[in-house]
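What follows is a set of notes on a single structure, which appears directly below.
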Protein chains: 2
Amino acid sequence: MNSARIDLRAIIKQEGLRYTTQREAVWRELQSSDNHRDAESIYFTLRGRSINISRATVYRTIEILVKYNLVRKLDLGDGRSRFECKLGSGHHDHLICTKCGRIDEFVNDDVEELQKSIAAENNYVLSNHIHQLFGLCENCQNEEDK
Amino acid sequence: MNSARIDLRAIIKQEGLRYTTQREAVWRELQSSDNHRDAESIYFTLRGRSINISRATVYRTIEILVKYNLVRKLDLGDGRSRFECKLGSGHHDHLICTKCGRIDEFVNDDVEELQKSIAAENNYVLSNHIHQLFGLCENCQNEEDK
DNA sequence: CTCCATAATGATAATGAATCTCATCTAATT
DNA sequence: AATTAGATGAGATTCATTATCATTATGGAG
């Protein structure tokens, strides 16, 4: 895998933007931590590490990372956006436990193929999709039994 | 199809709730109009018909309709919830044009089956899902050519 | 290395959807 | 018609996110 710092710096520079400590910090945080992080969590983690950053800058930086396809924005239905680094893992969709909030990822090529035919049948040119399965994860099913 | 007014009144009564003009109006509006309505649009439509109603009541009524499975809540990714009447159409998912906002519906049993196996493989008990395909509709593809 | 234009930041105000509060109103039973 | 608990409306509140704008700092020029 490429060094992420170099990747971002290159892109940032190429666009005539400036490579700042805040932008680097957000990008590192998104790479090093679990996926499905929300902006608030990133904000507090960085503040906790004595990195000067504001919420606005967290959002602004994520916006850039999304724009340059380094980060994917997720809407898991709980009112806040989640973000995941796109390096190091291919496309996947999500299973979400409605009880404990656990998030699992899945990949299914058959579904992807069907999406293409559905789009074709309806004369759409597909750009992306949201596919989320909600239910009870294994642990929470067992909890229900008690 | 059953008379909707009777349906709602019956459910409302059965639950010890009260059948009000506001609740009837929201329900009628959701039935008679296109799907994918948002709360604000319902609010203004009803106000435009000289029906006394507040935003809060629109939201409260929709909450009841969703609870009793008469209405489905949709999140189409534009920051506000949409609602569609569940009478008169079976389960379906959505194709959304990213340019003009057009919304089409699709049904695909193969995908539904695959969702079940994906859930099973991951030891989830499925309760619902979100499946949305984003892209350019036929009209907007043609616009691009010009 | 210093200067400097201007991009980026931070504090805070603003926005917008959705919910909550509470005084007032009204459905519906007696 | 009286009663009472549920329902409503106006407005306040919340929460995530975006906009504003004065201040700061990056990075190329000299």
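Residue numbers begin at 1 in each chain, while the letters A, B, ... track the order of the sequences.
Straight-line distance from the OH atom of B:Tyr59 to the P atom of D:dT13: 19 Å, rounded to whole Å. Atoms CD1 (B:Ile51) and P (D:dG9) sit 11 Å apart, rounded to a whole Å. Counting to the nearest Å, the P atom of D:dT17 and the CG atom of A:Asp75 are 9 Å from each other. With rounding to whole Å, A:Ile42 atom CD1 is found 14 Å from D:dA16 atom P. As a whole-Å value, the separation of A:Arg82 CZ from D:dC15 P is 16 Å. Distance B:Glu24 CD to D:dA7 P: 16 Å, rounded to the nearest Å. Atom pair A:Leu46:CG and C:dT9:P shows a separation of 12 Å (rounding to whole Å applied). We find that CD of B:Glu63 is positioned 12 Å from P of D:dT8, with the value rounded to whole Å.
Under the 4.0 Å criterion applied to side-chain N and carboxylate O atoms, A:Lys116 and A:Glu113 are assigned as salt-bridge partners. With respect to the salt-bridge test (charged N to carboxylate O, under 4.0 angstrom), the residues A:Asp78 and A:Arg80 qualify.
Residues B:Ile12 and B:Arg47 both approach DNA chain D. Their nearest nucleotides, taken by heavy-atom distance, put B:Ile12 toward the 5′ side. Two residues, B:Ala39 and B:Thr21, neighbour DNA chain C, and the one matched to the more 5' nucleotide by heavy-atom proximity is B:Ala39.
A donor-acceptor contact under 3.5 Å links the side chain of B:Arg60 to the base of D:dG9.
Judged by distance alone, with hydrogens and angles left aside, the side-chain atoms of B:Arg23 form no donor-acceptor pair with the main-chain N or O of B:Arg9 at under 3.5 Å.
Note: the hydrophobic cluster containing B:Ile62 also contains B:Leu87 (ILVMFWY, side chain heavy atoms under 4.5 Å, direct or indirect links).
Within 4.0 Å (heavy atoms only), B:Asn52 reaches sugar-phosphate atoms of the nucleic acid but no base atom. Within the 4.0 angstrom heavy-atom criterion, base atoms lie near A:Arg18. The residue A:Gln22 sits close only to the backbone: its heavy atoms come under 4.0 Å of sugar-phosphate atoms, none of a base. Counting non-hydrogen atoms under 4.0 angstrom, B:Arg23 reaches the backbone sugars and phosphates but no base.
Using a 4.5 Å heavy-atom cutoff, the side chains of B:Leu133 and B:Phe106 are in contact.
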